[in-house]
Amino acid sequence: MTGQVYYDDIGVGEPIPTLTVTPDETQLFFFSAATYNGHRIHYDKQWARDVEGYDDVLVHGPLQAALLARALGDWIGGRGRLVCFSVQNRATALPGQSLTFGAVVTGKRLTDGAGLVDLEISGRRDDTVLMPGTATVELPLRGTPS
């Protein structure tokens with residue numbers, strides 16, 4: 001999204017722009033290294049098949065959460081702030097699958113001069129919800145100094 005989104009300009013029930021990412025095995029390997037996650041299910045295909053019983057390596061739940069947070073960060077802009085973020089990992093994703101991250105506005109409120117927006121957030125693979133959750137963001141009010 002380009003520009004800054006303002007509290008005044010959004011309504012309950014509106015979706016935010018989605019982020020679509022197709023993780024690949026290289027990204028999974030580097031995410032494992034960056035997070036010191038040595039579980040072979042994320043980078044060793046034979047291990048994932050023979051020991052864990054999956055068709056392929058799995059996309060990390062924390063990587064999916066980070067991509068969901070990125071979708072929120074892209075939307076709220078430089079003057080927005082992520083206040084609260086909570087997710088659950090409910091289903092598996094494999095490399096090469098297109099994953100979509102987004103949210104719907106479920107509530108708005110003013111508190112101490114700040115515009116707080118509640119969101120129902122999710123990471124999805126087609127119609128399957130991989131990662132449901134909730135978030136609250138603070139958005140600037142129109143006319144407030146930057």
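Residue indices begin at 1 and follow the sequence shown.
Of all non-hydrogen atoms in Leu130 and Ala93, the two that sit nearest each other are CD1-CB, 3.9 Å. Residues Ser98 and Thr22 approach most closely at CA-OG1, 3.6 Å, considering heavy atoms. Closest heavy-atom contact between Lys108 and Gly11: CD-CA, 4.4 Å. Closest heavy-atom contact between Pro95 and Val59: N-CG2, 3.9 Å. Minimum interatomic distance between Ala71 and Leu19 (heavy atoms only, all atoms of both residues): CB-CB, 3.8 Å. In plain terms, the two heavy atoms of Pro23 and Leu28 that are nearest each other are CB-CD2, 4.4 Å.
In this structure, the side chains of Leu94 and Leu58 come closer than 4.5 Å at one or more pairs of heavy atoms. Using a 4.5 Å heavy-atom cutoff, the side chains of Leu139 and Ile76 are in contact. Put simply, the side chain of Val57 does not reach to within 4.5 Å of the side chain of Arg40, judged on heavy atoms. For the pair Phe31/Asn37, no side-chain contact is recorded, criterion being any heavy-atom separation below 4.5 Å from C-beta on. Two residues are said to be in side-chain contact when any heavy atoms from C-beta on lie closer than 4.5 Å; Leu63 and Phe30 fail this criterion. The shortest distance between side-chain heavy atoms of Arg90 and Thr128 does not fall below 4.5 Å. Using a 4.5 Å heavy-atom threshold, the side chains of Trp75 and Thr18 count as separate. Looking at heavy atoms from C-beta onward, Phe85 lies in side-chain contact with Leu72 at the 4.5 angstrom threshold.
The hydrophobic clustering, which links ILVMFWY residues whose side-chain heavy atoms are closer than 4.5 Å, places Val83 and Leu110 apart. A continuous path of hydrophobic side-chain contacts links Leu82 to Leu141 [ILVMFWY only; heavy atoms under 4.5 Å]. A continuous path of ILVMFWY side-chain contacts below 4.5 Å connects Phe101 to Val105, so both sit in one hydrophobic cluster.
A donor-acceptor pair under 3.5 Å links the side-chain atoms of Gln4 to the main chain of Arg79, judged by distance alone. Checked by atom type and distance alone, the side chain of Tyr7 pairs as donor or acceptor with a backbone atom of Arg109 at under 3.5 Å. Glu52 places no side-chain N or O within donor-acceptor distance of the main-chain N or O of Arg49, the cut-off being under 3.5 Å. Judged by distance alone, the side chain of Arg125 and the main-chain N or O of Thr92 form a donor-acceptor pair under 3.5 Å.
The only member of Thr134, Leu68, Val104, Thr106 that meets side chain to side chain contact (heavy atoms under 4.5 Å, CB included) when paired with Ile121 is Leu68. Val137 pairs with exactly one of Leu119, Leu116, Val5 by the side chain to side chain contact (heavy atoms under 4.5 Å, CB included) rule, that one being Leu119.
If you check the side chains of Ser32 and His39, you find no donor sitting under 3.5 Å from an acceptor. Looking only at atom types and distance, the side chain of Arg124 has a donor-acceptor partner in the side chain of Ser122 under 3.5 Å away.
In this structure, Ile41 CD1 and Trp47 CH2 are separated by 9.5 Å, a value rounded to the nearest 0.5 Å.
Between His60 and His42, the two ring planes are parallel [angle under 30°; tilted spans 30° to 60°].
The environment of CG in Asp9 is crowded: more than 12 heavy-atom neighbours from other residues, nucleotides or ligands sit within 6.0 Å. Within 6.0 Å of CD on Gln97 lie more than 12 heavy atoms contributed by other residues, nucleotides or ligands.
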